[in-house]
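Please read the structure below before turning to the comments.
No experiment lies behind these values; they were computed from the predicted model shown. Heavy atoms only: backbone and side chains are in, while hydrogens, waters and symmetry mates are out. Every number for a ligand or one of its atoms is a count from 1 in the order of the listing.
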Amino acid sequence: MEENRLYEIVTPLLYWYQANARVLPWRSDPTPYHVWISEIMLQQTRVEAVISYYERFLSCLPDVASLAAVDDDLLMKLWEGLGYYSRARNLKKAANVVTAHYDGVLPSSVGELLSLPGIGPYTAGAIASIAYNLPEPAVDGNVIRVLTRLLADSTPTSDPALVRSLSAQLRPLYPPEQCRAFTQALMEIGAVVCIPNGAPHCDRCPVAFACRAFANGNPASYPVKAAKKPRKIVPRTVLLLRCGDRLAIRRREEKGLLHGLWELPAMEGYASEDAVGSYLASLGISAASVVPFVEAKHVFTHLEWHMHSFEIAISTPSDRFVWASPAELRTLYALPSAFRAFLE
Ligand code: SF4
């Protein structure tokens, strides 16, 4: 029975974790708030990249109350570069619910956690088990990879039955008093031993003795993923409008991709120098010079922006845009990393 075989991994995994756990800032003081913020940041983002964001975020917003009250522009600035900005917006929304209904402390039950904006089954399980030490599985991509290899389970990752089945098999394994360590041990082994890209380190895996994929010599066959659709390519022309040392920025619409964030002005498609001149004239802007600038590409989940750009000198700032100084771009306005190549 699968369940019995997974029982064998619990003790070796816990010993291994005790000896090998990486020192990470959110592990030293796993309060519900700390676990919540770190888990939301870690979605789609590497641990190494998250550490500095996490520390900066907590130094500005140390608790639920400060997050609930934060100014939106500061929140976006703290999130700048992490991507998937709706995560930050949902954090603030959820902090307001926690302030209003839970006296500023995240609830411990998975059902109540799931009712908060931006918290799905994985994050709810992570908060319940890591912060509250409850026997609640948290099945993310790392854990799916480890378990499908251990079990040689070829259910596709796109099938919701997979997470349900893995969660059901994990739940009875949780050792009382060590729920926190067990969840983190599963995540950790997926992050550093049974790794996502490249061959897993089966030679130093503490649960290799129980691994069916290892025995069969085919760990790379798991997890089974559906073929991805190719991303849509979207050509754009980015305009770096400079007036002295100030740069023109504008806010994106309140819906759609990167909604509500600041951006460099842009035109759809690859525009010629003449087309850029006509566009600026239509805005009542006369340019002293229009010079081709760098090209860049930014990959989103479902599409790619392929960007050409022009650097444009303006003598009189137009009120069509906000004219940001270098200091304001550093400290006040959050521009998505899609524009990083132009600002560097
Ligand atoms: Fe992953 Fe290899 Fe360990 Fe199996 S033996 S869980 S494939 S690292």
Side-chain angles (χ1 to χ4, degrees), residues 1-24 26-27 35 38-39 42-51 121-123 125-126 128-130 135-176 178-228:
M1 214 167 108
E2 302 293 9
E3 208 173 85
N4 286 343
R5 214 154 48 75
L6 282 183
Y7 267 113
E8 298 176 356
I9 72 169
V10 177
T11 304
L13 196 55
L14 286 169
Y15 274 117
W16 172 84
Y17 181 67
Q18 211 174 18
N20 294 282
R22 288 168 297 173
V23 176
L24 298 171
W26 44 89
R27 286 185 175 159
V35 174
S38 63
E39 288 298 338
L42 286 163
Q43 292 167 10
Q44 321 279 352
T45 313
R46 289 176 304 111
V47 165
E48 302 73 36
V50 162
I51 292 174
Y122 164 75
T123 310
S129 62
I130 301 173
E136 292 291 352
V139 179
D140 70 347
N142 281 337
V143 176
I144 288 175
R145 186 171 53 259
V146 174
L147 294 182
T148 52
R149 288 173 175 175
L150 279 166
L151 300 165
D153 185 335
S154 49
T155 310
T157 52
S158 54
D159 184 345
L162 177 63
V163 170
R164 276 202 302 275
S165 150
L166 297 178
S167 299
Q169 291 177 74
L170 279 180
R171 192 167 279 109
L173 307 184
Y174 270 80
Q178 293 199 73
C179 301
R180 171 177 297 140
F182 188 54
T183 287
Q184 293 185 98
L186 281 165
M187 294 172 174
E188 189 77 351
I189 199 166
V192 302
V193 175
C194 200
I195 52 176
N197 302 310
H201 304 300
C202 303
D203 53 333
R204 51 188 171 87
C205 176
V207 293
F209 70 91
C211 182
R212 196 170 276 176
F214 176 57
N216 295 341
N218 64 349
S221 305
Y222 305 95
V224 173
K225 294 182 181 167
K228 280 188 189 160

Give the atoms of ligand 1, by number and element, whose distance to some non-hydrogen atom of [X] is under 4.0 Å.
X      : value
Ala208 : 5 (S)
Pro219 : 7 (S)
Pro200 : 8 (S)

Under the 3.5 angstrom rule, does the side chain of Arg149 hit a backbone N or O of Pro219 as a donor-acceptor pair? yes
Mark yes or no for whether Ser38, through its side chain, and Val35, through its backbone, hold a donor-acceptor pair below 3.5 Å.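 Yes, because the side chain of Ser38 sits within donor-acceptor range (under 3.5 Å) of the backbone of Val35.
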Ala191 and Arg145 have their tightest heavy-atom pair at N-NH2, 4.5 Å
Can you name the closest pair of heavy atoms from Glu136 and Tyr174 and give their distance?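 Heavy-atom minimum between the residues: O-OH, 3.5 Å.
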Verify the neighbour count for atom OH of Tyr15: are there more than 12 heavy atoms of other residues, nucleotides or ligands below 6.0 Å? no
Among all protein non-hydrogen atoms, which one is nearest to [atom], and what is the separation to 0.1 Å?
atom                    : answer
atom 3 (Fe) of ligand 1 : Cys205 SG, 2.3 Å
atom 2 (Fe) of ligand 1 : Cys202 SG, 2.3 Å
atom 1 (Fe) of ligand 1 : Cys194 SG, 2.4 Å

To the nearest 0.5 angstrom, please state how far the CG atom of Asp153 sits from the OG atom of Ser165. 6.0 Å
Does Cys211 put an N, O or S atom under 2.8 Å from atom 2 (Fe) of ligand 1? no
Any N/O/S atom, backbone or side chain, of His201 lying under 2.8 Å from atom 3 (Fe) of ligand 1?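 Not a single backbone or side-chain N, O or S atom of His201 is under 2.8 Å from atom 3 (Fe) of ligand 1.
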